[in-house]
Amino acid sequence: MTREEIIAKTNAVFAESFEIEPERLKPEANVFLDLGLDSLDTVDLVVAIQKKFGVQIRDDERVRSIRTLGDVYDFIATIQQEKQG
Amino acid sequence: MKRVVITGMGAVSPVGGTAAEQADALDAGRHGLRAMPEWAAYKGLRSLVAAPAELKNEKAIPRQNRRSMSRMSIFAAQAAQEALRDAGLAPEGLGDGRTGCVAGSTTGSAIALAQVYETMLPEKDFSILQSMQFFQCLSHTVAMNLAQFLGLRGVLLATNAACASSLQAIGAAFDLVRSGRQDAVFCGGAEEVHATVTGSFDMLMAASTRYNDRPEAASRPFDAARDGLVCGEGAGILVVEELERALARGARIRAEILGFHTCSGGSHISESNRDGIAACMRAALADARLEPAAIEYVGAHATATLQGDGEEAAAIRATFGGQVPVSSLKGNLGHTLGASGAIELAAILAGLERGHLYPTRNLETVAAECAGIRHVTALEPTSARTFLKNSFAFGGIHASLVCRRWTEGDPA
């Protein structure tokens with residue numbers, strides 16, 4: 001999966017699950033402070049990403065260090081590489 | 001004891017998205033009964049009729065509030081917004097700790113419960129559930145969503161007593177305000193249509209099954225050809241308020257709540273009985289310090305079940321005789337279950353304000369066991385003000401509320 005595909009699918013999750021307008025979906029946006037997600041939303045973000053990308057990340061400690069949308073892209077890219085590797 | 005009045009009302013109903021739209025529809029004799037052919041996919045479900053409400057403008061509720069709301073909580077929030085406007089209360093003043101919320105529904109969201117089970121059980125996999133499904137499944141989902149949406153910091157209670165839920169909510173709100181514990185309470189109930197809900201009644205032989213090809217005729221309270229109830233959905237929310245406060249702020253008062261009672265029948269888990277119903281109505285009258293002769297209209301629970309309608313008719317006959325006008329609005333609205341008490345109370349009040357009583361739609365031939373009371377069978381002009389509203393539920397729960405429409409010049 002290319003970086004562009006990861007970004008498009010991740011942004012789709014934020015638009016579909018959290019109703020965030022496309023223009024606000026910038027890599028540097030903090031998902032909590034800028035995009036307004038809270039602790040409950042992160043539960044649903046994990047579920048939505050799992051479904052969108054066919055991965056299991058619920059028990060992955062690295063989820064806790066995610067701050068920005070760019071962190072989400074990077075994390076998914078890493079997961080995808082690990083899957084292929 | 002303080003006096004308690006209704007200063008706001010809102011409804012999302014099978015016949016309209018507001019209390020006023022509902023009254024317009026009832027004025028015109030319209031109904032909300034629909035065929036549900038897609039339910040044929042459920043084996044053993046024989047009742048393929050329902051009274052759905054329309055879900056619209058839900059995006060006007062901020063996502064942070066809406067995410068934990070199922071369909072029925074959205075209906076309740078919209079009805080509460082209407083009630084808030086109707087009451088003329090300032091939204092920013094609701095967090096004073098003196099404004100509470102009492103609301104109920106039969107269960108948590110039937111739609112969310114079904115989704116959770118359909119998603120989780122086949123694979124026995126919790127990792128695919130969303131957090132918000134949990135909040136929609138909780139038994140007190142309507143009350144808690146309503147209170148957080150309105151920013152209330154007062155008493156928060158859930159009266160989940162199936163079809164008596166919203167009348168119990170209004171009764172509990174009445175008690176909270178007359179005792180001085182709260183100044184105002186948003187109260188009522190909500191419900192949503194789902195095959196699993198209708199299936200529950202069908203399984204108990206209480207849902208209509210013979211009118212799937214004629215849904216408009218399926219809900220026929222007190223009628224000789226009735227064969228069970230038709231489940232509906234929506235929400236009814238009232239603002240009840242302490243009289244002196246309402247007068248002091250110049251509120252338009254719709255009605256005074258005079259008395260309430262709720263009690264157990266103590267005899268059977270599902271069958272209602274005339275003695276229990278009569279005892280409840282008499283206790284509500286005693287609470288209101290009124291004799292039966294003071295009641296000018298009875299808003300019946302009458303859901304069109306074979307057993308229940310006959311017992312309620314017998315109780316009304318024994319308590320009020322055969323002269324007091326009686327009707328059930330379920331021929332138009334279906335049975336909106338936990339929402340029915342509040343939705344129907346809003347309809348009755350709107351009707352009285354417009355100077356008429358709504359009839360029991362589809363009542364063509366009064367069943368022998370439902371005779372001996374004065375059925376309203378056509379829109380009827382009235383100057384009635386004092387009325388009693390019944391709601392009953394499985395589990396032998398009865399509830400009766402006594403109200404008097406407020407008019408200019410009432411002793412304050």
Side-chain angles (χ1 to χ4, degrees), chain A residues 1 6 9-26 29-69 71-72 75-76 78-80 82-83, chain B residues 55-75 77-78 81 95 108-109 111-151 153 156:
Chain A
M1 192 177 293
I6 289 173
K9 287 176 92 169
T10 303
N11 287 0
V13 165
F14 277 82
E16 291 159 9
S17 299
F18 307 111
E19 300 176 10
I20 297 169
E21 302 80 0
E23 59 271 22
R24 292 172 61 205
L25 294 173
K26 301 198 172 92
N30 184 299
V31 296
F32 304 105
L33 302 176
D34 299 323
L35 303 182
L37 272 63
D38 64 11
S39 58
L40 289 171
D41 287 325
T42 58
V43 175
D44 294 346
L45 175 63
V46 165
V47 174
I49 287 174
Q50 289 186 157
K51 194 172 174 189
K52 201 76 158 181
F53 292 94
V55 294
Q56 281 293 327
I57 56 170
R58 199 166 73 128
D59 298 323
D60 196 318
E61 289 294 325
R62 289 171 292 184
V63 170
R64 295 177 192 278
S65 56
I66 287 173
R67 291 292 174 273
T68 66
L69 197 53
D71 292 344
V72 181
F75 175 61
I76 293 168
T78 306
I79 293 284
Q80 295 283 1
E82 287 171 5
K83 254 177 81 177
Chain B
L55 184 71
K56 56 183 179 187
N57 301 329
E58 67 271 25
K59 290 278 174 78
I61 301 170
R63 185 190 75 85
Q64 211 68 6
N65 295 118
R66 180 170 25 94
R67 61 181 179 163
S68 54
M69 293 180 175
S70 73
R71 185 177 171 88
M72 66 179 171
S73 291
I74 291 171
F75 290 150
Q78 292 172 333
Q81 279 183 315
S109 165
I111 295 169
L113 284 161
Q115 281 173 347
V116 165
Y117 294 144
E118 284 171 3
T119 308
M120 188 267 280
L121 284 181
E123 301 295 325
K124 294 190 170 59
D125 183 358
F126 276 98
S127 75
I128 52 182
L129 292 179
Q130 294 177 323
S131 68
M132 290 306 148
Q133 291 176 305
F134 167 74
F135 295 101
Q136 295 174 14
C137 289
L138 289 173
S139 58
H140 64 306
T141 189
V142 171
M144 70 183 202
N145 271 300
L146 203 53
Q148 302 319 316
F149 174 59
L150 295 170
R153 296 174 191 273
L156 170 55

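Just so it is clear, the model here is predicted, and its values are computed rather than measured. Values below: all heavy atoms of this structure, side chains included; hydrogens, waters and symmetry mates excluded. Within every chain, numbering begins at 1; the chains are lettered A, B, ... in the order of the sequence lines, protein sequences first and strands thereafter.
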For the interface with chain B, which of V43(A), V46(A), D41(A) has the highest count of heavy-atom pairs at distances below 4.5 Å?
D41(A)
Step through the shown structure and confirm whether more than 12 heavy atoms of other residues, nucleotides or ligands are within 6.0 Å of CZ on R24(A).
yes
If you count heavy atoms of other groups shown closer than 6.0 angstrom to CD of E82(A), is the number above 12?
yes
Sort D59(A) into side chain, backbone, both or neither according to what part of it lies under 4.5 angstrom from a heavy atom of chain B.
neither
Side chain, backbone, both or neither: which part of Q50(A) has a non-hydrogen atom closer than 4.5 Å to chain B?
side chain
Among K59(B), Q130(B), R63(B), Q64(B), who wins on heavy-atom pairs under 4.5 Å with chain A?
R63(B)
Between L40(A) and R67(B), is there a side-chain heavy-atom distance shorter than 4.5 Å?
yes
Among all residues two or more places apart in sequence or in another chain, which pass the side-chain contact (heavy atoms from CB on, under 4.5 Å) test with I66(A)?
D71(A), V72(A), F75(A)
Contacts with chain A made by residues 132-144 of chain B (heavy-atom distance under 4.5 Å), listed by residue number:
M132(B), F135(B)
If you compare all heavy atoms of V47(A) against all heavy atoms of I128(B), which two are closest, and at what distance to 0.1 Å?
CG1-O, 3.5 Å
